[in-house]
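Treat the numbers as computed from the prediction; the structure is a model and nothing was measured.
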2 protein chains.
Amino acid sequence: MRIGELSRLTGASVRSLRYYEEQGLLRPLRRPSGYREYREEDAATVRGIRLLLAAGLSTTTIGEVLPCMVDDGEMLAPACGGMIPDLLRERERLSAAAADLLAARDRLDAILATTSALDPVDPSECEAIAPAT
Amino acid sequence: MRIGELSRLTGASVRSLRYYEEQGLLRPLRRPSGYREYREEDAATVRGIRLLLAAGLSTTTIGEVLPCMVDDGEMLAPACGGMIPDLLRERERLSAAAADLLAARDRLDAILATTSALDPVDPSECEAIAPAT
DNA sequence: CTGGACTCTCACATCGGCGTGAGAGTCAAC
DNA sequence: GTTGACTCTCACGCCGATGTGAGAGTCCAG
């Protein structure tokens, strides 16, 4: 199939598909005209790429992990254990990032807690300190 | 105090301090020479800015929230209720972002779960599929 | 008065995953 | 053969906080 159809199948923009190729994540064949020719499995690969991207992995990391995965009909499945350390590292990263966000939220909560004590809005003071226009 | 000292006090780079000013978050006085002159409270303000930045707020949002806060000796404390909706919105955003990360982690876990079944590393297949060098 | 540390103002570079055009070639239906 | 949809390859723009460097002025201790 050509790039437009793969785009429709996967929801990835044409630009994104070319970008994934540029990053070494896809390797479509080329017609004599130069047109990219994709295989059926590439749809699964693209879905896998997008899943991992959404998980916060960089294309570089995905490139290290992807060669160890195979088309599982619908989705991408792992084909060997070599990628496990990478994925575990990413798992760690995700946990840590989420923890950071929650910690930040707690700090916001702390601020909000102090604020509720003076709920009666007192904008006068704000004006006094407000930055220049 | 001058910018270098404030930088040392807060851990923010000199560049960042100038950037915060450019964004309207700080308003140091100026000496005749053009040197910025900061007040003691500015240290607390900068710490507040960095806390909110680390929480994922943009300088723009911080700019809306900051005028409603006052120096609390060490840290920044809210001075009026007008900022509450903004902070609640950001709280929501943080919760959602954290949830996204955890969901992504779950998907990674799903992949890892499939992988552990074939733990005996089988790199041969990897070579076959691996992208070009 | 001199030198070294400090500060000033531009202003360009970075990172990453795309959006968005320009200009040109290709494909397929009529 | 013509048209319109599709595709190709550059290549710059973006966002946001910050790094980095140039060239020039300022401060203060010796």
Side-chain angles (χ1 to χ4, degrees), chain A residues 1-39 42 45-66 90 93-94 97 100-101 104 131, chain B residues 1-39 42 45-66 90 93-94 97 100-101 104 131:
Chain A
M1 76 184 87
R2 294 184 309 188
I3 199 169
E5 190 179 349
L6 183 60
S7 170
R8 257 167 267 130
L9 277 180
T10 60
S13 72
V14 168
R15 176 67 173 90
S16 294
L17 294 176
R18 288 198 265 249
Y19 177 68
Y20 300 154
E21 177 181 1
E22 190 183 317
Q23 300 302 305
L25 308 183
L26 287 175
R27 311 182 62 207
L29 300 175
R30 293 298 185 125
R31 296 186 180 178
S33 61
Y35 278 27
R36 275 164 259 253
E37 183 67 32
Y38 294 93
R39 292 165 305 176
D42 290 330
T45 304
V46 170
R47 274 188 282 264
I49 292 171
R50 310 216 97 209
L51 190 151
L52 295 173
L53 274 180
L57 278 71
S58 68
T59 53
T60 306
T61 307
I62 296 176
E64 297 167 8
V65 157
L66 205 55
E90 293 301 325
R93 213 185 35 71
L94 287 175
D100 279 356
L101 285 180
Chain B
M1 76 187 85
R2 293 184 310 188
I3 199 168
E5 190 180 349
L6 183 60
S7 170
R8 258 167 267 129
L9 276 179
T10 61
S13 72
V14 168
R15 175 70 173 88
S16 294
L17 294 176
R18 290 199 263 250
Y19 177 68
Y20 301 155
E21 176 182 359
E22 191 183 317
Q23 301 301 307
L25 308 183
L26 287 176
R27 311 182 64 205
L29 299 175
R30 292 300 184 123
R31 294 188 183 179
S33 60
Y35 278 27
R36 277 164 259 253
E37 183 67 31
Y38 294 91
R39 291 165 304 175
D42 289 331
T45 303
V46 170
R47 275 189 281 263
I49 291 171
R50 310 216 99 209
L51 189 151
L52 295 173
L53 273 180
L57 280 71
S58 68
T59 53
T60 305
T61 306
I62 296 177
E64 298 168 7
V65 157
L66 205 55
E90 293 303 326
R93 214 185 35 69
L94 288 175
D100 279 356
L101 286 180

Taking G56(A)'s backbone N and O only, do any of them form a donor-acceptor pair with R93(A)'s side chain (distance below 3.5 Å, no angle check)? yes
Would you say the side-chain atoms of E37(A) pair up with the backbone N or O of R2(A), donor to acceptor, closer than 3.5 Å? no
Please report the distance, rounded to the nearest Å, between [atom1] in [X] and [atom2] in [N].
{"X": "E22(B)", "N": "dT9(C)", "atom1": "CD", "atom2": "C1'", "value": "11 Å"}
{"X": "E37(A)", "N": "dC27(C)", "atom1": "CD", "atom2": "C1'", "value": "13 Å"}
{"X": "E21(A)", "N": "dC10(D)", "atom1": "CD", "atom2": "P", "value": "12 Å"}
{"X": "L6(A)", "N": "dC8(D)", "atom1": "CG", "atom2": "P", "value": "11 Å"}
{"X": "R31(A)", "N": "dA28(C)", "atom1": "CZ", "atom2": "P", "value": "7 Å"}
{"X": "R30(A)", "N": "dT7(D)", "atom1": "CZ", "atom2": "P", "value": "12 Å"}
{"X": "Y19(B)", "N": "dT9(C)", "atom1": "OH", "atom2": "C1'", "value": "17 Å"}
{"X": "E5(A)", "N": "dC27(C)", "atom1": "CD", "atom2": "C1'", "value": "15 Å"}

Do R15(B) and dT20(D) have a side chain to base donor-acceptor pair shorter than 3.5 Å? yes
Between the base of dC27(C) and the side chain of Y35(A), is one N or O donor paired with an acceptor at under 3.5 angstrom? no
Please report the interatomic distance [atom1]([X]) to [atom2]([Y]), rounded to the nearest 0.5 Å.
{"X": "T45(A)", "Y": "R50(A)", "atom1": "OG1", "atom2": "CZ", "answer": "13.5 Å"}
{"X": "R15(A)", "Y": "E22(A)", "atom1": "CZ", "atom2": "CD", "answer": "6.5 Å"}
{"X": "Q23(A)", "Y": "I62(A)", "atom1": "CD", "atom2": "CD1", "answer": "10.0 Å"}

Candidate nucleotides dT7(C), dG16(C), dT18(D), ranked by approach to the side chain of S16(B) - the nearest: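 The nucleotide sitting nearest to the side chain is dT18(D).
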Minimum-distance nucleotide (side-chain atoms of S58(B) versus dC18(C), dC27(C), dA17(D)):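 Taking heavy atoms from C-beta onward, the closest nucleotide is dA17(D).
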Can you tell me if the side-chain N/O atoms of [X] get under 4.0 Å from OP1 or OP2 in [N]?
{"X": "R36(A)", "N": "dC8(D)", "value": "yes"}
{"X": "T59(B)", "N": "dA17(D)", "value": "yes"}
{"X": "Y20(B)", "N": "dT18(D)", "value": "yes"}
{"X": "R18(B)", "N": "dA11(C)", "value": "no"}
{"X": "S33(B)", "N": "dG25(D)", "value": "no"}

Comparing nearest nucleotides in DNA chain D, the 5'-proximal residue of the pair S13(B), I3(A) is I3(A)
